[in-house]
Amino acid sequence: MTSHDMRRAKNRRGGRALAPVLLAAPVLLAALAASAPAWAEAAPGAAACTGCHGPAALGSAIPSLDGHAAEDVVAQMQAFRSGERKATVMDRIARGFTEEETRAIAEWLAKPEAARHAQP
Amino acid sequence: MPSRRALIGGVAASVAAAVLATPQVRAQTQPGVIVVGGGFAGASCARALKRLDRDLAVTLIEPEAAYLACPFSNAVLAGLRGIEAQTFGYDQFGDVALIRKRAVAVDAERRRVRLEDGADIGYTRLVLAPGVDLRFDALPGYDEAAAAIMPHAWKAGAQTLLLRDQLAAMPDGGVVILSAPPNPFRCPPGPYERASLIAHYLKTSKPRSKLIILDAKDAFSKQRLFEAAWQEIYPGLIEWVPLSSGGRVTEVDPATRTLVTEFGDHKADVANVIPPQRAGGIAQSAGVADQTGWCPIDPVTFESRLQPAIHVIGDAAIGGAMPKSAFSANAQAKACAAAVAALVRERPPVQPKLINTCYSLVAPGYGISIAGVYQPRDGLLAEVEGAGGTSPLEAPRSVRELEAAYAEDWFRTITSEVFG
């Protein structure tokens, strides 16, 4: 949303008749007060991981990232980046992320599985 | 008789209670997001939006009952895989409202999508994921009727089976010609994976046959890897004719299966013409495609550069270095969903970071890949320097085997995430 859009949205709401405001306001406030959902909080890049790394139940040759401690993911990514750990593709991908970005992703990945693979 | 004031108060209170109590009514008061197109981009985005914010009303408009996936469809052509392995339904979409109709127009000013039956639906934000349209006006002689004789097979399904059956019916010693389009197009390594797997079929079933690639380009994705593998596995079977050697097809004649180039005519027993492409039709009608036929987007939100509140993801979008792939479409869909979910709640979107990984099979058990990491820079999705690139040119066969296995499991994982 551009700032122009934001202003327009605010103006539209301000211009509404009283009754809809009374009805809509509690709903809107309730939604805004709800805790932010998992992906909105996901570190940049984290959502892309699941294109290859799925839930453990899939039984893929590509390892699941479920249940890994953040420290472990950070260490493995560092090993991929340095070349210490051999890889087919993860070395090429790991070099695209800084230590700080990797840590943020790892912390998100370490969250409970349900938060990342919940069905709609 | 109750007083007028008491009556109004009572009605207002009971309506308010109903609004708060009933999930359906509550959902209607929330902003609605419409996603058009149920491929890798659109299906991923619709499901991701609902996962991000259960209270968001999300509608997916897709006329087909099932999606036919393009990745691995080249293996179907070569008889290595059934088309059913490419087919995915929409029965795992939970609270996403599915509308099985074609979206035919978008009124960007009034924020409404019109359906084929004349109905129209309003949106707070619209996500267009229409994929590509094959341009039947770009190559003289190549129209929809010609595609029934010289299949493009660039959308999986009936066209894939047509090309597979033509290859199966071709006598040994026949000539297969594949015409590859100029950039940009869906799946940059796709024509060359296809050439590889057709070559595998010819080598194993019709070894006196030949495959010619007529190319509108002088270079292509994973080129050195493909060429090295062709020399090793299919010596003398594949001939690649680049633009500079007269590879660009300027006209076709379906009646004689002839492909015309500036350097001469080529007669084929089986002709696979992959024509130039552009963003799917709805993008043109919504006014989000520019003169190139593709849709410029903001790299943070995927919002159109041309129309407010319309986001474009997947193959239809252009916005820098990301290739048009299923992996890119899925990654963009999730980044776009996060941005849209933030924007409808008037929160600032976060700067995304995206990944692409594309596997190609050169033969069964022989896989190669290209990867890239992308982030917004100067208004485009730019490749992060020092990262990405292709599989090593020199690698033991065990690495190729591993990448082939990863390719299969990538497909299982991503289709499970996208379609459930």
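Letters go in sequence order (proteins before strands), and every chain restarts at 1.
Between chain B and the options Ala94(A), Gly45(A), Gly51(A), the largest number of non-hydrogen pairs under 4.5 Å is found for Gly51(A). Per-residue heavy-atom pair counts under 4.5 Å with chain A were compared for Ala331(B), Ser391(B), Gly372(B), Ala395(B), and the maximum is reached by Ser391(B). Per-residue heavy-atom pair counts under 4.5 Å with chain A were compared for Thr357(B), Ile370(B), Leu402(B), Thr390(B), and the maximum is reached by Thr390(B). Listed options Val89(A), Asp91(A), Ile93(A), Ile105(A) were ranked by heavy-atom pairs under 4.5 angstrom with chain B; first place goes to Ile93(A). With chain A as partner, the option from Leu354(B), Asp298(B), Ile414(B), Asn330(B) having the largest number of non-hydrogen pairs under 4.5 angstrom is Ile414(B). Counting heavy-atom pairs closer than 4.5 Å to chain A, the top-ranked of the candidates Ala387(B), Ala335(B), Ala405(B) is Ala387(B).
Contacts between Phe40(B) and chain A at a heavy-atom distance below 4.5 Å are absent for every atom of the residue. In this structure, the portion of Gln375(B) lying under 4.5 Å from any heavy atom of chain A is its side chain and not its backbone. Of the atoms belonging to Ala371(B), heavy atoms from both backbone and side chain fall under 4.5 Å from chain A.
Taking a 6.0 Å sphere around CD of Gln78(A), one finds it holds more than 12 heavy atoms contributed by other residues, nucleotides or ligands.
The two residues Trp410(B) and Ile62(A) have their closest heavy-atom pair at N-CD1, 3.7 Å. The heavy-atom pair separating Arg412(B) from Ser60(A) by the smallest distance is NH2-CA, 3.6 Å. Of all non-hydrogen atoms in Thr413(B) and Cys52(A), the two that sit nearest each other are CG2-O, 3.3 Å.
The shortest distance between side-chain heavy atoms of Thr88(A) and Tyr406(B) falls below 4.5 Å. The closest side-chain heavy-atom distance from Arg92(A) to Ser369(B) is below 4.5 Å. With contacts defined as side-chain heavy-atom distances shorter than 4.5 Å, the pair Lys334(B)/Thr50(A) qualifies.
With Asp409(B) contributing its side chain and Ala61(A) its backbone, the two residues share a donor-acceptor pair below 3.5 Å.
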